[in-house]
Protein chains: 2
Amino acid sequence: MNAHSQVDEQQSTEEKIKQAAARVFVRKGFAATKTRDIAEEAGINIASLHYYYRSKDKLFELVIGEALRRFSKRMDEIFNSESPLQDKIKSFAHSYIDFFKENPLVPLFIMSESQSNPERVEKMLADQKTVNKLEEQLRQLGDAGIIRKMHHSHFMMNLVGLTVFPFISRPLMLTKLNMTDQEYDEVLEERKKMIPEMIIKHLFLRTPD
Amino acid sequence: MNAHSQVDEQQSTEEKIKQAAARVFVRKGFAATKTRDIAEEAGINIASLHYYYRSKDKLFELVIGEALRRFSKRMDEIFNSESPLQDKIKSFAHSYIDFFKENPLVPLFIMSESQSNPERVEKMLADQKTVNKLEEQLRQLGDAGIIRKMHHSHFMMNLVGLTVFPFISRPLMLTKLNMTDQEYDEVLEERKKMIPEMIIKHLFLRTPD
DNA sequence: AAATCATTTAATCAAACGATTAAATTTAAT
DNA sequence: ATTAAATTTAATCGTTTGATTAAATGATTT
């Protein structure tokens, strides 16, 4: 029988641990995170952590796996849909800026841990379909003379970079540009419009609807 | 008298340690770096490390300080010059893409460690002049109806983001877009042209020279 | 060449860490 | 109520880690 028969008047211990681990890992990265940090954040003992997840590594694999797949899945859903390209662009900017406003540390977490263990990224995204419907769409519109021809990687770097970078560079930018947190948040909101405008203006040879 | 009277038929131990530390710190981040890693990379003993730099923390402060200032200083030189805005944009893209091709791990290193210790960034860039000549330039061109009016943070996020993001996201992009390292490097080279085109097209209301 | 200073070595310390265990306690099943 | 299973607790193990030390070696100066 399952570990928990009592329904969630509160979260199960197993779930509490996982979510606490996610918070701490995302905040501090794998190396700087101590199992004792996680236990404290979850309000449980270290032994319980090992009881459910065997080791720090196993727990981390789980956490980063979910983060990676969430990040990647949403991307694929948008790009592999049947929508017009302009809609995909707008949809991406809106969706990800909203998501990262709630989870501002996730992008840097993913990038950092991808860097320090690239093979893991490869394994974890192995099943995920790539963005080949997007690639096809770019080719078609390019052949039709509607958009500028370019490698689809440029398109992705532009769109994802413009969207994600402000979250990754926040501390640096705040200092360098001498801004308050509130000002920064307002700027982030403005980017929902600005990013699509910029990309569409550059990409489309004649202005779309 | 100085520690070394023998001239550099080879590097001084002190310098060897600092450069080894820079490499390891940038590669693995502060928390994942062990003093023993640094000693091994430098080909010296741990005690020598403490002899010259007292502690891991002090050594790290030095390394990240130099990285931050190099990153920031070059930026200020470009933006606070008297050049036309279009030239600044092109100059930035070229200069930084070249630099990061040689030091591909530096951007993520700076972003990560800035995130995990924002106060340090603040202290270390305290003396550095901000990019206020750029701000002024943007305001003037905006008032003159030459460029679109926007907060200078947008401009910086756009330019820096487009330039830096491909280096930060390299492992993820390679997997997601199913590219080879060589293809990726070619794309990076193309971006020296593409980034200024894109930004100028969006920014300038009538096309500049 | 004696004396002083710089540098390296090898050994070791205390603290922090991930992990494990046996036992206690709580919860569920019979 | 008794038994069995799930979960928590507190204690502890073996390593790793940053740091330090005393002594050995090397170089420079006087």
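This structure is a prediction, so every number in the text was calculated from the model and none was measured. Quick note on labels: first sequence line is chain A, next is B, and so on, each numbered from 1.
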- Does OP1 or OP2 of D:dT7 have a side-chain N or O of A:Ser48 closer than 4.0 Å?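 No, A:Ser48 has no side-chain N/O under 4.0 Å of OP1/OP2 on D:dT7.
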
- Any side-chain N or O of A:Thr35 under 4.0 Å from OP1/OP2 of C:dG18?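 For A:Thr35, the contact criterion (side-chain N or O under 4.0 Å from OP1 or OP2 of C:dG18) is met.
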
Is the ring centre of [X] less than 6.0 Å from the ring centre of [Y]?
{"X": "A:Phe25", "Y": "A:Phe109", "answer": "no"}
{"X": "A:Phe30", "Y": "A:Phe60", "answer": "yes"}
{"X": "B:Phe71", "Y": "B:Phe99", "answer": "no"}

Please give, in whole Å, the distance from [N] [atom2] to [X] [atom1]?
{"X": "A:Ile44", "N": "C:dT25", "atom1": "CD1", "atom2": "P", "answer": "20 Å"}
{"X": "B:Asn45", "N": "D:dT21", "atom1": "CG", "atom2": "C1'", "answer": "12 Å"}
{"X": "A:Lys34", "N": "C:dA16", "atom1": "NZ", "atom2": "P", "answer": "11 Å"}
{"X": "A:His50", "N": "D:dT7", "atom1": "NE2", "atom2": "P", "answer": "17 Å"}
{"X": "A:Phe60", "N": "C:dC17", "atom1": "CZ", "atom2": "P", "answer": "17 Å"}
{"X": "A:Tyr51", "N": "C:dT21", "atom1": "OH", "atom2": "C1'", "answer": "14 Å"}
{"X": "B:Ile17", "N": "C:dA6", "atom1": "CD1", "atom2": "C1'", "answer": "13 Å"}
{"X": "A:Lys16", "N": "D:dT7", "atom1": "NZ", "atom2": "C1'", "answer": "12 Å"}

- Query: Among residues 19-28 of chain A, which residues get a heavy atom nearer than 4.0 Å to DNA chain C?
  - Reply: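 Result for residues 19-28 of chain A: none.
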
Can you figure out which of [options] approaches the side chain of [X] most closely?
{"X": "A:Asp57", "options": "C:dT9, D:dT17, C:dA19", "value": "C:dA19"}
{"X": "A:Tyr52", "options": "C:dT9, D:dT7, C:dG18", "value": "D:dT7"}
{"X": "A:Thr13", "options": "D:dG18, D:dT8, C:dA19", "value": "D:dT8"}
{"X": "B:Ala47", "options": "D:dA19, C:dG18, D:dT20", "value": "D:dT20"}

- Task: Look at A:Arg170 together with A:Asp185 and state whether they make a salt bridge at an N to O cut-off of under 4.0 Å.
- Result: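 Counted as a salt bridge, because a side-chain N and a carboxylate O are separated by less than 4.0 Å.
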
- Message: Any salt bridge linking A:Arg27 with A:Asp37? Criterion: basic side-chain nitrogen under 4.0 Å from a carboxylate oxygen.
- Response: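 Judged by the 4.0 Å cut-off on N to carboxylate O distance, A:Arg27 and A:Asp37 do not form a salt bridge.
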
- Given side-chain contact (heavy atoms from CB on, under 4.5 Å), test A:His151 with B:Leu177 step by step and report yes or no. CA-CA 11 Å; A:His151 195 278; B:Leu177 304 180; 5.9 Å; no

- Query: Now, which nucleotide makes the Watson-Crick or G-U wobble pair with C:dT30, with each of the two distances under 3.5 Å?
  - Reply: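 By the stated definition (distances under 3.5 Å), D:dA1 pairs with C:dT30.
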
- Would you check, one step at a time, whether the test side chain to side chain donor-acceptor pair (under 3.5 Å) holds for B:Lys28 with A:Ser116? CA-CA 7 Å; B:Lys28 322 215 300 183; A:Ser116 67; over 6 Å; no

